[in-house]
Amino acid sequence: MKPVLEVKGLSKNFGGLRALNDVDLTIHQGEIVALIGPNGAGKTTFFNCITGIYVPTEGSVTLHKGEQAIVLNGKKPHEVTALGMARTFQNIRLFPDMTVLENVMVGRHCRTKAGIIGALLRDPITRAETQDSIDKSYALLESVNLHEVYHETARNLSYGAQRRLEIARAMATEPQVLLLDEPAAGMNPQETRELEGLVQQIREQNELSILLIEHDMGMVMSMSDRIYVMEYGSRIAAGTPAEIRSNPQVIKAYLGEGDYA
Amino acid sequence: MDFQYFLELFFGGLTRGSIYALIALGYTLVYGIIELINFAHGEVYMIGAFTALIVAGLLGFTGFPAAGILVVAALAAVIWCAAYGYTLEKVAYKPLRGAPRLSPLISAIGMSIFLQNYVLLSQTSDFVPFPRLLPEFDFLEYIGYIMGPSDFLILVTSTCTMVALTCFIRYTKMGKAMRATAQNRKMAMLLGIDADRIISLTFIVGSALAAIGGVLIASHMGQVNFNIGFLAGMKAFTAAVLGGIGSLPGAMLGGMVLGLCESFTTGYISGNYEDVLAFGILIVILIFRPDGILGKAKVQKV
Amino acid sequence: MQRILKSALVALWFMVLTFPLLAIKINPVSKTVSWHFDRVAMLAVGIFVLALGWDWCFSRKNRGLPVFSLPQNITARMSAIANNMALRRASLFFIVGALVAMPLTSSLYQTNIMISALLYVMLALGLNIVVGLAGQLVLGYAAFYAVGAYTYGILFQHFGLGFWACLPLGGVFAVLFGLGLGFPVLRLRGDYLAIVTLGFGEIVRLSLQNWSDLTGGPAGIANIPRPGLFGVDLSLEGSTTYIYYLVLAAVFLTVLVIGRLRNSRVGLALKALREDEIACEAMGINLMRIKLSAFALGSCWAGFAGVIFAAKTTFINPSSFTFMDSCMILSMVVLGGMGSISGVAIAAMILILAPEYLRAFSEYRMLIFGLIMVLMMIFRPQGLVSGEKLTYRISALLAKGKGGAA
Amino acid sequence: MKKGTALLASLALAALVAGNALAAEPIKIGVPGAHSGDLASYGLPSLNAAKIVAAEYNAKGGIMGRQIEIVAMDDQCKPELASNVATKLLSDKVVAVMGHICSGATKASLPIYNEAKIVSVSPSATTPGLTKSGENPYFFRTIANDDDQATLTANFALNSLKVKRVAYIHDNGEYGKGFVENNRLQLEKAGVKTVFSEAINPDAVDFSAVVRKLRREKPDAVFFGGYQPTASKLVQQMKRDRVKDIAVIGPDGLKDEAFIKMAGADAEGVYTSYPSDTSNLPAYTKAVEAHVKTFGTQPGSFFPNAFAATQALLNAIDKAQSTDSAKIAAALRKEVVETPVGSISFGAKGDAAGVGLSIYQIRNGKYVETDYKMTLK
C-alpha cells in the first residue's frame with residue numbers, strides 16, 4: 001500500500017499555547033484511519049491545520065497523487081480541496097437556506113469551470129456542464145439516500161440527514177482523502193450503524209481514504225484499519241484497533257478505568 | 001509661543017477626545033458583551049442632549065439657578081437615556097439574539113434612522129440653542145488661553161465618570177458579573193448570572209454615559225439638532241475601534257488619540273479633511289489591526 | 001387578561017419614555033413652550049395595540065409559523081397561479097406591456113417619477129447581488145452610484161465625452177472602485193465590513209465635496225447633457241421618454257443578468273458565501289475571487305445607474321449620495337427579500353412611488369424606512385418575497401418519467 | 001309665455017357664463033420650493049407672497065379676464081425632486097414659474113424650463129452662474145447674486161475696515177463656500193493676504209482647533225460662509241477662547257433674528273450683507289400688512305423678494321397681454337415695477353437692477369444698517 005497523505009512533525013501554536021505538538025500521521029490508499037482522544041486533545045485543530053484553515057507553525061503535509069507529491073502547507077483551504085482533500089465539520093456547517101441539491105452542487109464548484117460570462121450567455125458548453133453537475137449531485141444524493149428530499153431546504157432536514165448531506169457535499173468535490181469530523185455525534189445507535197455502512201460503501205465505491213475523528217468507540221473499533229490517539233496536542237499512540245485496545249497508555253489517558261467493551 | 005500653541009491644541013483635542021471616549025465606552029461595553037455594533041448609540045447621545053434641553057428650558061422659565069438646572073437636566077437626561085437604551089435593547093436587539101450576525105446590525109441601523117426621524121418629527125429640524133448653564137468664570141488668566149472653564153468642566157466630568165465606571169466594573173458585584181458575561185456568556189450563565197439582565201444593564205450604563213456626553217457637548221457648543229448623533233457616533237465608534245473594541249481603557253485611549261489627531265491636523269495642516277481623517281483611521285485600523293491598540297487577537301472558531 | 005395588563009404596562013412605559021420629546025416642544029429663541037399631550041395619548045393607544053400584536057407575532061414566530069401568512073386556499077391558488085406557466089407568462093407580458101406603454105399614456109411628470117423609481121429598482125437589484133446573494137453587508141452603496149454619476153459629469157465637463165461613451169466607463173470606474181474597496185476588506189468579518197464600507201462611502205462623498213477643481217465641490221456639476229439619439233436633439237418630452245426606455249431596458253437587462261447569474265455556478269457560490277463562509281471555502285471556492293466578483297458585479301450596476309441619473313437630472317452634487325441614500329437602497333433589499341428579484345423590484349417601486357403619490361407618507365418616509373428595517377429583521381428576515389426556490393431538471397428523473405421539472 | 005321667455009333667457013345667460021368660464025381658463029403660475037423638510041422656513045414665505053399677489057390681481061378681475069391660479073409644488077430643495085417638480089409643472093401647463101428657492105434645485109430644473117421655454121423668476125437663488133453663464137434666457141431673479149454680494153463685502157473689508165490679512169471659514173456647503181471663495185478671489189486680487197481657508201462641519205463636536213488657529217494667526221478679519229446656526233456656534237467658541245479684535249463678516253444667511261437670539265452678546269459686532277432696508281418703502285409696508293392680514297403672522301425670509309418676483313411676473317404678463325414666454329420675458333426686461341425691494345427691472349441676463357445691498361452690523365443686539373451700500377445695475 002502506498003501512502004496518500006503524509007503528515008510530519010505538525011505543530012501549531014496559538015500565542016503561548018501549543019495546541020499541536022509534533023504530530024505524525026500517514027494514511028494509505030483505501031484506508032480508514034481514526035483519530036481519537038479526549039476533548040481538547042487537538043483533533044479538530046489537526047484537521048484545520050491540514051485543510052489550510054490554520055497555518056501550521058511547523059511541520060509538513062504532503063498529498064500523494066499518482067507519482068506526484070504535493071506539499072499542502074501554506075495552501076488556502078479551497079486549494080487543498082481542489083487538490084483532493086474534503087472535509088465535514090464537527091458542528092454541521094451546511095448552507096442552511098439552500099436546497100439539498102444545491103448544497104451538493106456547491107461541492108461541484110471546484111470541478112467545474114463556467115464563469116460569469118458563461119452564466120450570462122448560457123452557451124451550450126455551460127449548459128452541458130450545469131446539467132452534468134446537477135445529475136452528478138443527484139446521483140450522490142441517491143447514494144446517501146437523500147434523493148427524495150432533494151428539493152427540500154437543508155435546514156429542514158433531520159439531524160442525521162444533515163450529517164449525510166454534509167458527507168455527500170464533501171464527496172461532490174471528488175476527494176482522494178475524506179476527513180470526517182465526528183460524523184456520528186448526536187446520532188442514536190441505529191443511525192450510527194447506518195452511517196457506518198454508508199462510510200464503508202463510500203470508501204469501496206470511490207476508492208478513497210478516510211480520516212475519521214470520532215468519539216463513538218464502537219464505530220471506531222469496528223471500522224478503522226488503524227487508529228491514532230492524541231492527548232494534549234501530541235500523538236500518544238498509533239496502531240490497529242486491537243493494539244490500541246490493549247495499549248495501557250491509551251487506556252489511562254483516554255478510556256479511563258476500562259469502561260469499554 | 002509655539003509650545004503654547006501646541007498646548008492649546010493639545011488641550012482642545014483632549015476635551016474633544018474625552019467626549020468621544022464617553023460615547024465610545026457605550027459602544028465598547030455593548031460590543032464586549034453581545035458582539036453587536038450598537039449603531040443607534042449616537043442617537044441615544046442626541047436624545048440625551050435634547051432631553052436635557054427640554055428639561056433645562058422648562059426649569060429656565062421658573063427661574064431656577066443655572067448650576068441647579070444643569071444638574072437636574074443632566075440627571076433627567078441620564079435617566080431617560082438609560083430608559084431609551086433599555087427599551088432599544090428589548091425591542092430591537094433581544095428578539096434577534098441567535099439570528100445571523102448581520103440581522104441585529106441591520107436592525108440597529110434601522111433603529112438609528114428611526115430615532116433620528118422621531119426626534120426630527122416630534123421636535124424640529126432646526127438647530128435649537130441650548131441654554132447657557134456652564135459657569136463662566138475667568139479662572140487663571142494664563143491657563144484661560146489653553147482651556148476655558150467649559151473645557152475644564154468637560155475634562156473633569158468625563159474623567160470622573162470614567163473613573164467611576166472603572167470602579168463599578170472592577171469592584172461591584174454587577175460589574176464583575178458584566179466582566180464574566182463578556183468573557184464567556186455560557187459559563188457566566190452556568191454560574192447563575194442572568195445574562196439578559198446583564199445585557200440590559202450594559203445598555204443602561206452605556207446610554208447613561210452617552211447622555212452625560214450629550215449634555216456636556218450641548219452646553220459647551222450651545223446648540224442641538226436631530227442630526228448631531230450620526231457624526232459624533234461615528235467618531236466615537238472610530239475611537240472604540242482604534243482603542244480595541246471591547247476594551248474599556250482602549251475606548252478611553254482611542255477617544256483621546258482621535259481627538260488629538262483631529263486637533264493637531266486642523267491646527268497644523270488643515271481642517272478640510274478632518275472627517276475624512278477619522279473615517280480613514282477607522283478603515284485602516286479595521287483592515288490592518290482590527291483588534292485596535294489594546295485589544296487582543298481572537299482565534300476564529302471553526 | 002394578563003396579556004392586556006401587560007400591554008397596558010408597556011403602553012405606560014412608552015408614555016413615560018417618550019413624554020419629554022413628544023409632549024414638550026420648547027422654543028428657546030422665542031421662549032415659548034407648546035404641549036402636545038394628544039401625541040403621547042395617541043402613541044400610548046398605538047403602543048397598546050402594537051404590544052398585543054407583538055406578543056401574538058412572537059408566539060407565532062416561536063412556534064415556527066410565518067408572521068404574515070395568507071389563508072390556505074389563497075396561498076394554494078397563488079402557488080397554482082405561480083406554477084401555471086401560461087398564466088405567468090401572460091402576467092409577465094402584461095407587466096412588460098404596461099411598462100412599455102407607460103410614457104405614451106401618462107404625463108411627463110409621471111414618466112419622470114417612473115424613471116426615478118426604475119433607477120432605484122436597478123440600484124436595489126445591484127445591491128441585492130452583494131447583500132442579498134453574497135451576504136456582504138455594504139453600507140456605502142451610494143458611493144458607487146456617485147462614481148457613476150461623476151464619471152459622466154467630469155468626463156463631460158473636462159473632456160466633452162458624451163453619454164454613450166460614459167455609460168460603459170461609468171460601469172468600469174464603479175467596478176474599479178468596487179475592486180479597490182473589495183481587495184483590502186477581503187478578510188473582514190461581516191459587521192466590520194459594513195462599517196468599513198460606510199466609512200468608504202463617506203470618504204467618497206467628502207472628497208467630492210472638497211475636491212472643487214475636479215468635482216465642482218458642493219456646487220456640483222450642472223448642465224450635463226441628456227443622451228442624444230443618433231445626433232438628433234430631442235425635445236424635453238422626447239428625451240424624457242427616451243431616457244425612460246433606456247432605464248427600462250437597463251432594468252430588463254439587470255433582471256436578466258441577475259436571473260441568469262443566480263441560476264449559475266457563480267450564483268451558487270455567492271449564495272454559499274452568504275450562508276457559511278468557512279464551509280464555502282472548504283468546498284473549494286476561492287473566497288477572494290468570489291467576493292471580488294460580488295463587489296464588481298454589484299458596483300457595476302450602481303455605476304450604470306449613476307450615469308443615467310446624471311443624464312436625467314442634468315445636475316449632480318454630493319448631497320444626492322449620502323449615507324441615508326445608501327440606507328434607503330438597503331431597506332429596499334431588506335423589505336423585498338434578500339436574493340429575490342421580484343421582491344426587491346416591488347419594494348423599490350413601493351418605497352419610491354409611495355411618497356410621491358401620498359404626501360402624508362413623504363414626511364414619515366425615513367421614519368418608516370427605519371421601522372421597516374427593524375421589523376423585517378425581527379419578524380420576516382427573508383423579506384416580502386422569500387428567495388424563490390430554483391427548479392432543476394434532473395436527467396435521471398426525466399428518463400424515468402417520474403416528474404420532470406420539479 | 002313670459003315665463004318661457006324668462007327661462008330661455010336665463011338658460012342663454014347660463015350658457016354664456018359657462019362658455020365664458022370655459023374660455024377664461026385660469027393663468028397658472030407654478031410656485032415650487034421647499035414647503036416641507038428642514039428648509040421649509042425658506043420656502044413657505046415665498047408661497048405666501050405669491051398667494052397674496054395673485055389674490056390682489058384676482059380681486060381686480062385677473063389678467064386678460066382670466067384668474068390667476070397658484071400651483072404650489074414641494075421640492076424640499078433637493079435637485080432630484082426639483083427636476084420632477086419642474087416636469088410636473090409642465091404637465092400642469094403653467095404659464096410661468098416663481099421659484100425655485102434654492103440654487104441646487106434651480107440648477108436642476110432650469111434645463112427643463114429652458115427646453116419648454118418657460119419663464120421662471122427666483123426670489124432667492126443666488127448662484128452667479130445661473131444668470132452670468134447666459135445659458136438661461138428665461139431665468140430672472142429678484143435677489144442679488146453671490147458675486148455682487150461678495151463685491152460688496154470684499155470692498156467693505158478693503159475700504160472700510162482696511163484689512164491686510166484675512167482668514168476664511170466656511171461650512172463646505174455650496175452657499176457658504178461660494179461666498180468665501182468669491183471674496184477671496186477679489187481680495188487676493190487687491191493684494192490682501194490669505195491666512196488660511198478652512199472648512200468646518202456644522203455637526204462637529206467642537207470648533208476649538210480652528211478657533212485656536214485663528215487666535216494664533218490674528219488676521220484682521222475672518223469671512224464666514226454658511227448659515228446662522230453654525231455662525232453662532234463659531235462666534236460663541238471665539239468668545240470663549242478670547243479671540244479679540246477680529247472682525248467677522250458673513251453673507252445674508254447671518255442676517256436672521258435667530259442669530260442674535262442664539263449667539264447673544266457674542267454676536268456683537270458681526271457684519272453681514274443684506275438687501276438694503278426698504279421697510280420705509282410704501283410697497284414694503286403694504287406687502288407686510290397684507291401678510292399680517294391674510295396669515296396673521298409677520299412674514300419670513302425672502303418674503304419681499306418673492307413678493308417682488310410675483311409682482312414683476314404678473315405685471316409682465318399683464319403688459320404683454322399674452323401668455324407667450326418670449327413676450328413675457330421681453331416685458332420683464334422692459335418694465336420697471338415698484339416692489340417691496342425697490343423699483344426694479346431686469347437686465348439682459350436676468351439679474352434685477354435697482355435692488356440695493358447694504359452692510360449691516362450687530363450693535364446692542366440689533367442689526368444696524370451701515371452707510372456702506374450699493375445698488376445693482
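It should be emphasised that the depicted structure is a prediction, and the values quoted were computed from it without experimental measurement. Convention: sequence-line order gives letters A, B, ...; per-chain numbering from 1. Below, each value reflects all heavy atoms present in this structure, side chains not excepted, and no hydrogens, waters or symmetry copies.
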Supply the atom-to-atom distance C:Ile290 CD1 to A:His78 NE2, rounded to the nearest 0.5 angstrom.
-> 11.0 Å
Closest non-hydrogen contact found for A:Phe95 with C:Ala279 is CE2-CB, 3.8 Å
In this structure, are over 12 heavy atoms from other groups packed under 6.0 Å from A:Gln205 atom CD?
-> yes
Under 4.5 Å to a heavy atom of chain C? For A:Thr173 that would be side chain
State, to 0.1 Å, how close C:Ala282 and A:Phe89 come at their nearest heavy-atom pair, and which atoms those are.
-> CB-CZ, 3.7 Å
For C:Glu275 against A:Pro96, the heavy-atom pair lying closest together = OE1-N, 3.0 Å
Does some side-chain heavy atom of A:Arg108 sit less than 4.5 Å from a side-chain heavy atom of C:Leu268?
-> no
Please report the shortest heavy-atom distance between A:Ala119 and C:Arg260, naming the atom on each side.
-> O-CB, 3.5 Å
Of A:Lys76, A:Met85, A:Glu79, A:Lys113, the largest count of non-hydrogen pairs under 4.5 angstrom with chain C goes to A:Lys113
Has A:Arg127 got more than 12 heavy atoms of other residues, nucleotides or ligands less than 6.0 Å from its CZ?
-> no
Side chain to side chain, A:Arg169 and C:Met283, heavy atoms closer than 4.5 Å = yes
Side chain, backbone, both or neither: which part of C:Leu297 has an atom under 4.5 Å from a heavy atom of chain A?
-> side chain
Look at atom CG of C:Leu179 and say whether more than 12 heavy atoms of other residues, nucleotides or ligands are closer to it than 6.0 Å.
-> yes
For A:Lys65, does the NZ atom sit with more than 12 other heavy atoms under 6.0 Å from it, leaving out its own atoms?
-> yes
Relative to chain C, which segment of A:Leu94 carries a heavy atom at a distance below 4.5 Å: side chain, backbone, both, or neither?
-> backbone
Interchain contact, A:Asp135 with chain C, by part (heavy-atom threshold 4.5 Å) | side chain
May I ask you to decide if C:Arg393's main-chain N or O and A:Gln131's side chain share a donor-acceptor pair within less than 3.5 Å?
-> yes
Under 4.5 Å from any heavy atom of chain C - which part of A:Ile134 = side chain
Do A:Thr130 and C:Arg265 touch side chain to side chain, with heavy atoms closer than 4.5 Å?
-> no
Contact part of A:Glu129 toward chain C, heavy-atom cut-off under 4.5 Å: side chain, backbone, both or neither?
-> side chain
Is A:Leu17 atom CG crowded by more than 12 heavy atoms from other residues, nucleotides or ligands, each under 6.0 Å away?
-> yes
For C:Gly284 and A:His109, work out which heavy atoms get closest and say how close.
-> O-CD2, 4.1 Å
The interface call for A:Ile116 against chain C, heavy-atom contacts under 4.5 Å, is both
Got more than 12 heavy atoms from elsewhere within 6.0 Å of CZ, C:Phe183?
-> no
State the CE-CG distance between A:Met98 and C:Asp276, to the nearest 0.5 angstrom.
-> 11.0 Å
Considering non-hydrogen atoms only, spot the tightest contact between C:Glu281 and A:Thr81 and give its length.
-> O-OG1, 4.1 Å
Pairs under 3.5 angstrom only: tabulate donor-acceptor contacts from the side chains of residues 299-307 of chain C to other protein residues two or more places apart or in another chain.
unit_1: C:Ser299; atom_1: OG; unit_2: C:Ala174; atom_2: O; d: 3.4
unit_1: C:Ser299; atom_1: OG; unit_2: C:Phe295; atom_2: O; d: 2.6
unit_1: C:Ser299; atom_1: OG; unit_2: C:Ala296; atom_2: O; d: 3.3

Counting heavy-atom pairs under 4.5 Å to chain A, which of C:Val266, C:Asn263, C:Ile285 comes out on top?
-> C:Ile285
